[in-house]
Amino acid sequence: MIERIFRDEWGRVVATLVGILGDFELAEDAAQEAFAIAAERWPRDGVPDAPRAWLVATARNRAIDRLRRARTLRDKTELLARETPLAAAPDDEGGWVLDDDASVPDERLELLFTCCHPALASEAQVALTLRTLTGLTTEQIARAFLVPPETMKRRLTRAKSKIRAAGIPFRVPAAEQLSERLAVVLAVIYLVFNEGYGGHDTLATEAVRLGEVLAELLPDEPETGGLLALMLLHHARREARFADGELVLLADQDRTAWDDETIARGRGVLEAAIERGGRGTYVLQAAIASLEIAEHPDWPQIATLYGELERRTGSPVVALNRAAAVAESDGPAAALALVDGLRGELDGYLYLHATRGELLRRLGREADAAAAFGRALELAEREPERRFLRRRLAGG
């Protein structure tokens, strides 16, 4: 139970502390101290009635102690001492006694928009979001993105320094900027999910959690529901996507391994987003994902939705996905013509060549299919994909 509380409350606690302290490093360090104290005391004394407020107040107390020791920050310490946002009093062991959880504001939305500010590089947005809102360690994030821990540490340090130097505000954007800024936040979360979808389940799970946070905090924004639905519908199939380390295509997946409860939840979130007028790109993608996992997929409808998504995004990758749907509705020859038209834009894209290989194979053009699979293998970086392509080259 204590581990669950830590996992659920890390993002809230850090967000509140960043709002109070205006300093990412100090907020994270103070939060870590508070969680360490809780890990020592709660198993012995029991979990407090208001764990979140206890953690925030204890962390804030520790931050004040640090600031008092750093005499150059005396003014900030005095400000914190005057403006106590919590009804709390210190106890005898370094923690705090609090009235209730309701006294702690939920500032995760402000933290999300700060971490995903367009002044930060995309890789910094992703790393900072994961570190501050999910509680993943720097080492865990580094492993997930296949970079040395020191590299990730420097990336996080630069991002925090940029926020401080550029005066990036800790707030939700004004109404006239919200749509544009929200698009960046959604893109960061989906980028994390896609990175995890290739085999890093931890990242995919954390992305879903971030999507749930965003949908909870912005319930009237249909695209937040669209993104959450999209991730849930894909994540529900995670146990069936790989078998003995091998990638399994959707059509070949064991449906009994799918999480039916998560699928139902994803479809419910999607329906709610559509009812709120959702017609954006994430709602469209979620609708496609829902149709694709039906027992008898409506491929003409899927191709139509991909066509609308392509019109909105202008993305050649979406066009490639539409071609795959066309292969099911109109046959491989029609789809191959579409795929060949994308070779100029997507020659360095693994899935273009893998898709060509599948279509050529279905058309009986084995030599051409082998050449396409060979090119895809040259571009593949993840081992499950490489094994899948080697199997195709061997005629499997």
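Heavy-atom basis, side chains included; hydrogens, waters and symmetry copies ignored. In this text, all values refer to a predicted model and were calculated from it rather than measured experimentally. We're numbering straight along the sequence, starting at 1.
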message: Under the rule for ring-ring contact (aromatic ring centres under 6.0 Å, His included), what residues qualify as partners of Trp42, not counting sequence neighbours?
response: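 Scan of Trp42 (ring-ring contact (aromatic ring centres under 6.0 Å, His included), adjacent residues dropped) gives Phe6, Trp54.
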
Please examine the side chains of [Y] and [X], heavy atoms only from C-beta on, and report whether any two atoms are closer than 4.5 Å.
X	Y	result
Glu239	Asp254	no
Pro169	Thr114	no
Thr134	Trp10	no
Phe193	Leu210	no
Tyr349	Leu379	no
Val188	Cys116	yes
Phe145	Glu195	yes
Leu214	Leu109	yes

Say you draw a straight line from [atom1] of [X] to [atom2] of [Y]; how long is it, rounded to the nearest 0.5 Å?
X	Y	atom1	atom2	answer
Thr202	Arg143	OG1	CZ	9.0 Å
Thr205	Arg238	OG1	CZ	6.0 Å
Leu270	Glu275	CG	CD	10.0 Å
Ile288	Asn321	CD1	CG	8.0 Å
Ile189	Leu228	CD1	CG	9.5 Å
Glu33	Leu55	CD	CG	13.0 Å

[X] to [Y] - nearest heavy-atom pair and separation:
X	Y	value
Val18	Ala27	CG2-CB, 3.6 Å
Pro316	Leu346	O-CD1, 3.5 Å
Leu350	Ala376	CD1-O, 3.2 Å
Ala142	Met152	CB-CB, 3.8 Å
Ala63	Ala30	CB-CB, 4.0 Å
Pro222	Asp220	CD-O, 3.2 Å

Stepwise salt bridge (charged side-chain N to carboxylate O under 4.0 Å, His left out) check, Glu381 with Arg386: CA-CA 7 Å; Glu381 296 180 354; Arg386 296 179 64 82; over 6 Å; no

query: Which residue pairs pass the ring pair (Phe, Tyr, Trp, His ring centres under 6.0 Å) test when at least one of the two sits in residues 219-241, sequence neighbours left out?
result: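 Sorted result for residues 219-241: Tyr197-His234.
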
field: Contact list for residues 279-304, test ring pair (Phe, Tyr, Trp, His ring centres under 6.0 Å), sequence neighbours left out
entry: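 Passing the test, one end in residues 279-304: Tyr190-Tyr282.
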
query: Out of Ile37, Leu17, Leu26, which residue meets the side chain to side chain contact (heavy atoms under 4.5 Å, CB included) rule with Arg62?
result: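 Of the listed residues Ile37, Leu17, Leu26, the side chain to side chain contact (heavy atoms under 4.5 Å, CB included) partner of Arg62 is Ile37.
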
[X]-[Y] co-clustered via ILVMFWY side chain contacts under 4.5 Å:
X	Y	value
Val318	Leu352	no
Ile5	Leu133	yes
Leu338	Leu360	no
Ile274	Leu218	no
Ile141	Leu191	yes

Can we say [X] and [Y] salt-bridge, meaning some charged N sits less than 4.0 Å from an Asp/Glu carboxylate O?
X	Y	value
Arg241	Asp252	no
Glu366	Arg361	no
Arg7	Glu206	yes
Arg390	Glu383	yes
Arg375	Asp347	yes
Arg171	Glu107	no

Any donor-acceptor N/O pair, [X] side chain to [Y] backbone, under 3.5 Å:
X	Y	answer
Asp244	Glu246	no
Lys153	Thr138	no
Thr58	Ala34	no
Arg356	Val339	no
Glu223	Val283	yes
Thr355	Tyr351	yes
Arg276	Glu271	no
Arg267	Ser290	yes

- request: Check which hydrophobic residues are tied to Ile263 through side-chain heavy-atom contacts below 4.5 Å, counting indirect links as well, and list them.
  value: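 Result for Ile263 is Leu233, Leu250, Trp258, Ile293.
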
field: salt bridge (charged side-chain N to carboxylate O under 4.0 Å, His left out): pairs with one or both residues in residues 294-320, sequence neighbours excluded
entry: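 The answer is Glu308-Arg311, Glu308-Arg312, Glu310-Arg322.
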
- prompt: Does anything in residues 108-135 pair up under salt bridge (charged side-chain N to carboxylate O under 4.0 Å, His left out), and if so which pairs, sequence neighbours excluded?
  reply: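 Listed once each, the pairs are Glu28-Arg131, Asp106-Arg108, Arg108-Glu216.
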
task: Assess whether atom CD of Glu176 is packed by more than 12 heavy atoms of other residues, nucleotides or ligands within 6.0 Å.
output: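 Enclosed.
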
task: Evaluate side-chain contact (heavy atoms from CB on, under 4.5 Å) for Ile163 paired with Phe24, printing each intermediate quantity in order.
output: CA-CA 9 Å; Ile163 288 172; Phe24 274 77; 3.7 Å; yes

task: Take Gln285 and Tyr306 through the side chain to side chain donor-acceptor pair (under 3.5 Å) test and state the conclusion after the steps.
output: CA-CA 8 Å; Gln285 289 177 79; Tyr306 268 127; over 6 Å; no

Test side-chain contact (heavy atoms from CB on, under 4.5 Å) applied to Leu389 and Leu247, step by step: CA-CA 9 Å; Leu389 292 165; Leu247 183 66; over 6 Å; no

